[in-house]
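I have placed the structure first, in the form of structure tokens, so that the comments after it can refer back to it.
Small disclaimer: the values here were computed from a predicted structure and weren't measured. When reading the values below, keep in mind they use all heavy atoms of this one structure, side chains included, and skip hydrogens, waters and symmetry mates.
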Amino acid sequence: MYNLEQVRQDFPILSREVYKRPLVYLDNGATTQKPRVVVDSMVNEYYSVNANVHRGVHFLSQQATELHEGSRETVRRFLNARSINEVIFTRGTTESLNLLAYSFGEAFLNQGDEVIVSAMEHHSNIVPWQLLADRKGIVLRVIPMNDKGELLQEEYHNLFNERTKLVSVAHVSNVLGTINPVKEMIAYAHAQGVPVAVDGAQSTPHMAVDVQDLDADFFAFSGHKIYGPTGVGVLYGKEELLEKMPPYQGGGEMIQRVSFEKTTYNHLPFKFEAGTPDYIATTGLANALDYVTALGMDQIFAHEQELTRYAMEQMLAIPDMHIYGQAAHKDAVISFNVGNIHHLDMGTLLDRLGIAVRTGHHCAEPLMHRLGIEGTVRASFGLYNTKEEVDVLVAGINRVRNMF
């Protein structure tokens with residue numbers, strides 16, 4: 001196990017105070033804090049290597065291009081993709097899924113075709129498909145779940161028919177923490193001849209991901225949720241599928257030749273990367289991935305699992321506590337309400353105690369409807385959180401409960 005106190009020193013923000021109390025940061029599902037090595041790498045590049053990539057023959061441009069493409073190789077290794085051609089840089093999971101819905105939809109989907117999603121999806125894995133439904137008349141089918149927050153696999157199997165063209169499902173629910181059995185789900189879909197996209201925004205920071213082992217056709221994640229910068233993310237896609245998909249946006253870099261009569265497109269992955277990329281952010285992302293790799297994804301997973309079990313035990317002992325999502329395989333997210341206390345009131349008062357949690361529907365309104373609630377309080381853990389912070393959270397919840 002890595003040295004937790006030493007790791008916490010890598011994150012300067014964890015030592016600050018809010019409202020004259022030590023910060024207890026439990027909103028990692030929304031965004032994670034950044035280690036010094038990530039921020040320092042970006043500052044250094046701005047001050048010493050900054051130049052537009054790919055286009056320049058001068059020294060700085062060549063250096064910046066090497067860093068940017070080296071970052072792509074870092075992502076390839078992290079995901080165990082076969083080729084850098086399968087690694088597309090985007091602004092995050094949301095843009096990755098929008099790119100997929102647009103380009104895959106243009107290439108492979110027609111009126112009446114069906115896309116399977118699940119009851120626990122984030123809006124970013126619902127709305128792009130609804131936009132495609134508006135454009136092309138496709139149909140969304142939804143995998144139901146049980147009251148523990150587990151997807152019903154037999155019902156999933158029953159959704160397939162000759163019109164099913166894609167499954168797009170979250171690896172881990174951002175509300176329930178449920179770790180979905182995506183490897184088995186992918187295998188079943190492939191047996192029906194259907195490709196699968198995985199929303200890895202909430203899994204990639206917490207567990208090792210091997211896209212070849214999963215046999216995922218597409219996989220998306222965000223830099224800012226895995227201790228990297230905001231505004232950068234990745235869409236992995238199998239090369240044979242990406243080759244058949246049209247570009248998502250047009251402009252510089254994604255072209256080979258342009259005339260007023262005809263444009264030919266660049267090869268992968270540049271076909272999907274129009275315009276100047278955020279090459280500073282890709283450097284930060286690569287350093288973040290190197291950071292968690294050095295700690296060990298298995299060690300991170302083990303620590304967060306222990307922390308989640310400890311928090312669940314402590315929180316379930318609180319009177320009137322209701323925890324949403326008690327699947328057998330659960331990640332580092334606990335969504336809850338206490339009695340009749342509104343989630344916004346709970347979150348606001350915890351904030352005054354220095355405890356940062358998330359409140360609301362967490363961009364998963366259909367899931368809230370399934371649960372019969374308007375929203376929850378969500379505590380989400382990261383590699384730097386401690387049992388002592390869980391104790392502060394539990395004491396804070398009890399204090400707020402006593403106030404009401």
(request) Looking only at non-hydrogen atoms, find the nearest pair between V232 and T282 and report the distance. (result) CG2-CG2, 4.0 Å

(message) How about CD on Q6, more than 12 heavy atoms from neighbouring residues, nucleotides or ligands closer than 6.0 Å, or not?
(response) no

(message) Donor-acceptor check, side chain of Q305 to backbone of K330, threshold 3.5 angstrom: yes or no?
(response) yes

(message) Surrounding CG of D147 (heavy atoms of other residues, nucleotides or ligands, distance under 6.0 Å), is the total greater than 12?
(response) no

(message) Is it the case that over 12 heavy atoms from other parts of the model lie below 6.0 angstrom from the OH atom of Y188?
(response) yes

(request) Taking the side chain as every heavy atom from C-beta outward, state whether R378 and V357 have any atom pair closer than 4.5 Å. (result) no

(request) Answer yes or no: are there more than 12 heavy-atom neighbours, outside R55 itself, under 6.0 Å from its atom CZ? (result) yes

(request) Verify, without hydrogens or angle tests, whether D113 (side chain) and N110 (backbone) share a donor-acceptor contact under 3.5 angstrom. (result) yes

(message) Minimum heavy-atom separation for A274 and G251, please, with both atom names.
(response) CB-N, 4.1 Å

(request) State whether the number of non-hydrogen atoms from other residues, nucleotides or ligands found under 6.0 Å of K148 atom NZ is greater than 12. (result) no

(message) Has R72 got a side-chain atom pairing as donor or acceptor with V87's backbone, closer than 3.5 angstrom?
(response) yes

(request) Answer yes or no: is there a donor N or O on one side and an acceptor on the other, between the side chain of S96 and the main chain of V234, under 3.5 Å? (result) yes

(message) Has R370 got a side-chain atom pairing as donor or acceptor with M145's backbone, closer than 3.5 angstrom?
(response) yes

(request) Might you point out which heavy atoms bring A281 and T230 nearest each other, and give the distance in Å? (result) CB-O, 4.4 Å

(message) One pair to check against side-chain hydrogen bond (donor to acceptor under 3.5 Å, both in side chains): D391 and Y310. What are the steps and the verdict?
(response) CA-CA 9 Å; D391 293 339; Y310 179 76; 2.6 Å; yes

(message) Under a 4.0 Å threshold between the charged nitrogen and the carboxylate oxygen, would D210 count as salt-bridged to K183?
(response) no

(request) Check whether any side-chain heavy atom of P12 lies under 4.5 Å from a side-chain heavy atom of R36, and answer yes or no. (result) yes

(message) Using 0.5 Å steps for rounding, measure from the CG atom of L99 to the CG atom of L242.
(response) 8.5 Å

(message) Show the nearest heavy-atom pair for residues T386 and L307, with the distance to one decimal.
(response) C-CD1, 3.4 Å

(message) With a 3.5 Å distance limit and no angle check, can you tell me whether T178 reaches the backbone of G149 through a side-chain donor-acceptor pair?
(response) yes

(message) Before we go on, tell me: are the rings of F336 and H322 under 6.0 Å apart, centre to centre?
(response) no

(message) For G200, is there any backbone N or O sitting under 3.5 Å from a side-chain donor or acceptor partner on T204?
(response) yes

(message) Please find the pair of heavy atoms, one from V169 and one from N180, that lie closest to each other, and give the distance.
(response) CG2-ND2, 4.4 Å

(request) Provide the closest heavy-atom pair for P229 versus V38 in the form atom of the first, atom of the second, distance. (result) CD-CG1, 4.1 Å

(message) Quick one: does any side-chain atom of N174 pair with a main-chain N or O of H362 as donor and acceptor, under 3.5 Å?
(response) yes

(request) Using ring-ring contact (aromatic ring centres under 6.0 Å, His included) as the criterion, list what pairs up with H58, not counting sequence neighbours. (result) none

(request) Report yes or no: does Y384 contribute a side-chain atom to a donor-acceptor pair with the main-chain N or O of Q33 at less than 3.5 Å? (result) yes

(message) Looking at N161, I'd like to know if its CG atom is crowded, meaning that more than 12 non-hydrogen atoms belonging to other residues, nucleotides or ligands lie closer than 6.0 Å.
(response) yes

(message) Please check: side-chain N/O of S222 versus main-chain N/O of H224, any donor-acceptor pairing under 3.5 Å?
(response) no

(message) Given the ring of F108, does K165 sit roughly above its face, with NZ or CZ under 6.0 Å from the centre of the six-membered ring and within 45° of the axis?
(response) no

